[in-house]
**Q** 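The structure is given below, and queries will be raised subsequently.
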Protein chains: 2
Amino acid sequence: MQPQKTTEEKIKEVARKIFMEKGYGLTRTRDIAEAAGINTALLNYYFRSKEKLFNIIIAESIKELFSTLLDIIENDKTDLSYKIDTVVNRYADVFLASPNLPLFVLSELQSQPELFFKQVGIPGNILLDSYFFRQLEEQLQKINLKIEPIHIFVNMIALTILPVIARPIMNHVHSMDSDGFSNFIEVRRKLVPIWIKDMLKLNN
Amino acid sequence: MQPQKTTEEKIKEVARKIFMEKGYGLTRTRDIAEAAGINTALLNYYFRSKEKLFNIIIAESIKELFSTLLDIIENDKTDLSYKIDTVVNRYADVFLASPNLPLFVLSELQSQPELFFKQVGIPGNILLDSYFFRQLEEQLQKINLKIEPIHIFVNMIALTILPVIARPIMNHVHSMDSDGFSNFIEVRRKLVPIWIKDMLKLNN
DNA sequence: GTCTATAGACTGATAGAC
DNA sequence: GTCTATCAGTCTATAGAC
């Protein structure tokens, strides 16, 4: 038997869904209240204001998107190849479960960049100082490729995330249903690590 | 001597900028009017409503993003290597001039996918049936790589567009000012075609 | 904790003068 | 074409009863 959802959890759950679909500006507290089976008074009883509720949702979303990464890239026990496989696979899982998550976070960060600093508290240098980046740098030197590690990292994320972000266009130009989308992600789950390792001349 | 901007053009110009920064929901007609040096009455005199003005802006934005592509990929006089160079370079130019354009369009297409059909009229199969895709298919067969051409196309767009879409995060983790951003794009303008050609085993 | 009712502020749009 | 003034509608948030 699952424990019953509290009203507070129910509100957060539907708020997350509606904020992701419509964005902050187009979401009305009434929509959230109605979808949660309550009223706006109760919503404000729990969260004080729409903005405070949104800040909780967006902070959790940002953390969901980045915590996926952090424990992988800071691990000094795993090699480069394993890290590439794991990052791509974890993100594929996250995106299949929450296809709207990346565009939601990116859009809100664009219109309110200060959210990143205020709500998350991930230091800016955590990526550049990571063990993963040191491993990338080492490998790039080994194959005598004079580019910054960030480019390889950007490539890995780009190849994984773009089909998710551009899903409406993919649906249009590739006539995809939701199964087609999942299949596409599954195919790329295998391909992206190969491409990234090729860029690094890592033997597969 | 440049011809003077009409009021109508001035409104569209600032509306485009503000819609792109804040999105439809958070943009107020008063913001647009003030930025254009007029008032909301005049805005409605020219465009009837906020929504009609927005539809004009988003339709033009979608066209700007895709017309860049269409005349390149349908050309049967240019080879694969040239097409890759040209697509990447054109998009780099577009994104440097309008960094908010891609995320704006992608966000709006997610919340209103029918915009693609209604406002643009680009048939879904124009990409799959393009000369570019036939050239990709040919080359993939030649190197005996059993993947669909769409993956290479997605990769090319992904590697070019992601730093632009994730600019707020890039600023944060890479301590970039606007010069840093331009430099980053300039570096990738050269790198992305190399990576894509490597995937296709095209000799550079 | 949850509701009804409503205050209070803001927004898009228009009427009407010039 | 452009303005001032303002209306009607919508939204968030709160007061107060239960």
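Residue numbers start from 1 in every chain, and the chains themselves are labelled A, B, ... in the order their sequence lines are given, proteins ahead of strands.
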**Q** Whole angstrom is fine here: how far is it from CG in A:N44 over to C1' in C:dG8?
**A** 14 Å
**Q** Taking atom types as modelled, find out whether B:T27 and B:K22 have a side-chain donor-acceptor pair closer than 3.5 angstrom.
**A** no
**Q** Taking atom types as modelled, find out whether B:Q135 and B:D79 have a side-chain donor-acceptor pair closer than 3.5 angstrom.
**A** no
**Q** Mind calculating the distance between NZ (A:K52) and C1' (D:dT14) to the nearest angstrom?
**A** 14 Å
**Q** When the axes are fitted on five pairs at both termini, how much does the helix from C:dG1-D:dC18 to C:dC18-D:dG1 curve, in 10° steps?
**A** 0°
**Q** Between A:Y46 and C:dT2, is there a contact of a side-chain N or O with OP1 or OP2 at under 4.0 Å?
**A** yes
**Q** B:L42 has an atom CG; how far is it from atom C1' of C:dC18, in whole Å?
**A** 14 Å
**Q** Compare the minimum distances between each of C:dA15, D:dT12, C:dT4 and the side chain of B:A41, then state the nucleotide with the smallest one.
**A** C:dA15
**Q** Taking it one step at a time, do A:K83 and A:E74 satisfy salt bridge (Lys or Arg N to Asp or Glu O under 4.0 Å)?
**A** CA-CA 10 Å; A:K83 283 194 175 68; A:E74 288 182 326; over 6 Å; no
**Q** State whether B:Y24 and B:K50 meet the cation-pi test: NZ (Lys) or CZ (Arg) under 6.0 Å from the six-membered ring centroid, and within 45° of the perpendicular axis.
**A** yes
**Q** Could you give the NZ-to-P distance, from A:K50 to D:dT12, as a whole number of Å?
**A** 5 Å
**Q** Quick one about A:N183 and A:R188 (side-chain donor to acceptor, distance below 3.5 Å, no hydrogens or angles considered), yes or no?
**A** no
**Q** Can you tell me the distance, in whole Å, between the CD atom of B:E51 and the P atom of D:dG9?
**A** 18 Å
**Q** Would you say A:L106 and B:I169 make side-chain contact, with heavy atoms under 4.5 Å?
**A** yes
**Q** Measure the spacing between CG of A:L140 and NE2 of A:H151 and express it to the nearest 0.5 Å.
**A** 10.0 Å
**Q** Using a 4.0 Å cut-off on heavy atoms, which residues in residues 7-39 of chain B reach DNA chain C? List them by number, or say none.
**A** B:T27, B:R28, B:T29, B:R30
**Q** Hydrogens and angles aside, do B:S107 and A:S107 bring a side-chain donor and acceptor to less than 3.5 Å of each other?
**A** yes
**Q** Expressed in angstrom and rounded to an integer, what is the separation of B:L43 atom CG from C:dA15 atom P?
**A** 16 Å
**Q** Answer with yes or no whether the side chains of A:R30 and A:N39 bring together a donor and an acceptor at under 3.5 Å.
**A** no
